[in-house]
Amino acid sequence: MIEKDRLKFFKLAHEINNGEKKGILRARELHCRGNVNSMSLISLNEEKSEKGFSGIKTKHSLLKKMDQWMEIEKPNRPTPEKKITSMGY
């Protein structure tokens with residue numbers, strides 16, 4: 001049971017990335033990423049690579065954050081390593 005709970009946010013992120021919001025996520029250059037305790041909504045945009053919102057616990061909360069995607073700020077320093085990381089999506 002514990003292992004199943006540990007995968008909860010990974011599975012939810014996968015469901016969101018490949019579900020009905022897939023087109024919106026791609027158009028806005030966003031990606032949902034799960035971890036053990038929550039999910040993050042990450043920008044794949046070259047200017048905002050790997051920036052976004054973290055600590056998201058529900059699908060509803062993530063969908064609300066999708067509407068705030070324009071608020072994701074550019075990093076305060078050059079981040080070429082983040083651009084490479086985001087290219088995998």
Side-chain angles (χ1 to χ4, degrees):
M1 184 68 175
I2 292 172
E3 285 302 313
K4 184 178 179 181
D5 290 341
R6 292 177 62 93
L7 297 176
K8 172 183 172 181
F9 294 110
F10 292 97
K11 290 178 180 179
L12 186 54
H14 178 77
E15 174 188 316
I16 293 167
N17 285 328
N18 295 294
E20 64 185 54
K21 301 297 182 185
K22 181 178 182 176
I24 294 170
L25 287 167
R26 288 189 183 222
R28 295 179 182 175
E29 296 180 280
L30 298 171
H31 179 75
C32 183
R33 182 179 298 154
N35 64 55
V36 175
N37 298 311
S38 64
M39 295 179 291
S40 299
L41 184 62
I42 305 297
S43 173
L44 302 176
N45 179 284
E46 188 173 305
E47 294 181 3
K48 301 177 181 183
S49 297
E50 299 292 305
K51 296 278 286 182
F53 305 105
S54 60
I56 302 168
K57 300 278 187 175
T58 66
K59 183 176 181 177
H60 177 74
S61 296
L62 186 119
L63 296 177
K64 286 176 67 175
K65 289 293 185 188
M66 282 177 62
D67 292 335
Q68 299 171 359
W69 68 283
M70 292 294 291
E71 296 174 17
I72 298 173
E73 297 179 5
K74 294 179 182 179
N76 295 328
R77 63 174 179 82
T79 56
E81 74 282 1
K82 300 292 186 181
K83 290 177 186 175
I84 292 169
T85 304
S86 69
M87 290 172 64
Y89 294 101

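Keep in mind that what you see is a predicted model, and the values were worked out from it rather than measured.
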Problem set entry | Euclidean distance, L62 CG relative to K65 NZ, rounded to 0.5 Å | 9.5 Å
Exercise. Is there a path of hydrophobic side-chain contacts, each under 4.5 Å between heavy atoms of I, L, V, M, F, W or Y residues, that connects F53 with L30?
Worked result: yes
Problem set entry | Note, L41 side chain near K64 side chain (heavy atom, < 4.5 Å) | no
Problem set entry | Pairwise distance CG(N37) to CZ(R6) - rounded to 0.5 angstrom | 8.5 Å
For this session: Quick one: do I16 and M39 satisfy side chain to side chain contact (heavy atoms under 4.5 Å, CB included)? Show the steps, please.
Result: CA-CA 11 Å; I16 293 167; M39 295 179 291; 4.2 Å; yes
Exercise. Looking at OG of S40 and NE2 of H31, how far apart are the two atoms once the value is rounded to the nearest 0.5 Å?
Worked result: 10.0 Å
Exercise. Atom CG in L12, atom CG in L7: separation rounded to 0.5 Å?
Worked result: 12.5 Å
For this session: Enter the distance from R33:CZ to S38:OG here, rounded to the nearest 0.5 Å.
Result: 11.5 Å
Problem set entry | All salt bridge (charged side-chain N to carboxylate O under 4.0 Å, His left out) counterparts of K57, not counting sequence neighbours | none
Exercise. Sequence neighbours excluded, which residues qualify as side-chain contact (heavy atoms from CB on, under 4.5 Å) partners of T58?
Worked result: H60, S61
Check residues 17-25 and write down every donor-acceptor pair under 3.5 Å in which the side-chain atom is one partner and the other belongs to a residue at least two apart or another chain.
{"unit_1": "N17", "atom_1": "OD1", "unit_2": "C32", "atom_2": "N", "d": "2.9"}
{"unit_1": "N17", "atom_1": "ND2", "unit_2": "A13", "atom_2": "O", "d": "3.2"}
{"unit_1": "N17", "atom_1": "ND2", "unit_2": "C32", "atom_2": "O", "d": "2.7"}
{"unit_1": "N18", "atom_1": "ND2", "unit_2": "H14", "atom_2": "O", "d": "2.9"}
{"unit_1": "N18", "atom_1": "ND2", "unit_2": "H14", "atom_2": "ND1", "d": "3.1"}

